[in-house]
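The block underneath contains the structure these notes are about, expressed in C-alpha cells.
Every heavy atom of this structure was used, including side-chain atoms; hydrogens, water molecules and symmetry mates were not. Position 1 is the first residue of the sequence, and the numbers go up from there. Given the structure is predicted, the values throughout are model-derived calculations rather than measurements.
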Amino acid sequence: MKKRLAALKKKEKRLIVGIETGSPPGKLGAALVEVSGSGDETILYLRGFISRPLNPELVATICALDRNEKFDSEELAGINFLVLSQLSKLYDNVLEEAAVKPEDVDCIGLSCLEVGELAFPGDPSVFSEMTNRVVASRFRIGVENGAGGFVAVEEALLQGIVGEMIDRFGLDEEAREAVAVALLANESIFHEAVSVCEGSAAAKGKGRRSLRAIKHTGASSAAAGGVCLSGEFFFPG
C-alpha cells in the first residue's frame, strides 16, 4: 500500500475525483481534476463536474436522523446502502461526462455524509471495493505533536485549507467543494509519515485495510505545535 502511494506521489499528473456530500445534505457533487504538484506548487485542470440531488426520501430520512429519531441497525444499513448507491452513480456519471475510463483514475477523495455522530458510508473501504480505486477519506485536522487529537475537517475549514489554491484557478462556485475534496486527497498523498490501520468491523476478514497519511501543512515543527492534515487511504482487495 505504501508503494502505491509512493507511485502516486511520483506521477507527474494525477487524475483525482473529489466527491462532496453537501452541507446541509440535499445534493452530491463530483469533480474530476487533473493535478500536478502540491501546496503552493499545485496546478489543476478541471476535467469535469457534475451535481445531482439526493433522493428526496433519503433526504427526509437523513433529516430524521439529524433530529435524533431512532433507527435500528437494519435501517441504518439500508441508509448506508442507498448513500453508496448514489455515490456510485455520481462517480460513473462524472467519468462518463469527461470521457475518462475508470482505470485511468488515480484516486477518489471522499467527504462522507456526516449526520450527528454517524457518517455515511460508514466504511469508505466498501466504496473503494465498488469502484476498484484508492479512496482517500476521513480528513482530520490537529496539532502536529498529537496534543488534543484530530477533529473532522468541516466544510468551512476544508475551504480554508485549500481555498487559496482554488482561487488561483477561477473555478465556478458550484464546483468548489468537490474540487476542495480532490485537493485534500492530493495533499494527503504527499505525506511525511504513514501507518497501516486495522480495517473496520465490517471490513475485517475481507482483506481490506486502510493507510493513514499525515501531511504537514506548514513548515512548523512538532515542538512548535504545528498543524497537521490527516487522511486515511482505503485500498480495494
Would you say [X]'s side chain and [Y]'s backbone share a donor-acceptor pair under 3.5 angstrom?
| X | Y | answer |
| --- | --- | --- |
| Ser137 | Pro124 | no |
| Glu75 | Asp72 | yes |
| Arg47 | Val100 | no |
| Ser128 | Arg133 | yes |
| Ser88 | Leu84 | no |
| Ser85 | Phe81 | no |

What's the spacing between [X] [atom1] and [Y] [atom2] if we round to 0.5 Å?
| X | Y | atom1 | atom2 | answer |
| --- | --- | --- | --- | --- |
| Leu87 | Leu110 | CG | CG | 6.0 Å |
| Glu20 | Leu90 | CD | CG | 8.5 Å |
| Asp104 | Glu34 | CG | CD | 11.0 Å |

Taking everything shown except [X] itself, do over 12 heavy atoms lie less than 6.0 Å from its [atom1]?
| X | atom1 | answer |
| --- | --- | --- |
| Glu97 | CD | yes |
| Glu117 | CD | no |
| Glu69 | CD | yes |
| Phe71 | CZ | yes |

For Phe49 versus Glu174, what's the shortest heavy-atom pair and its separation?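 Reported closest heavy-atom pair: CZ-O, 3.4 Å.
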Determine the minimum heavy-atom distance between Gly122 and Asn80, stating which atoms define it.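 Nearest pair, atom of Gly122 first, then Asn80: N-OD1, 2.9 Å.
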Hydrophobic clusters here meaning ILVMFWY residues chained together by side-chain heavy-atom distances under 4.5 Å, can you tell me if Val59 and Leu76 are in one?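 In one cluster with Val59: Leu76, yes.
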With a 4.5 Å limit on heavy-atom distance, are the side chains of Ile62 and Asp66 in contact?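 No, too far: nothing below the 4.5 Å cut-off.
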Just to verify, which of Val35, Leu8, Val181 counts as forming a side-chain contact (heavy atoms from CB on, under 4.5 Å) with Asn186?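 By the side-chain contact (heavy atoms from CB on, under 4.5 Å) criterion, Asn186 pairs with just one of Val35, Leu8, Val181: Val35.
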From Arg14, Lys11, Lys13, residue fulfilling salt bridge (Lys or Arg N to Asp or Glu O under 4.0 Å) relative to Asp106: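 Filter result, single survivor: Lys11.
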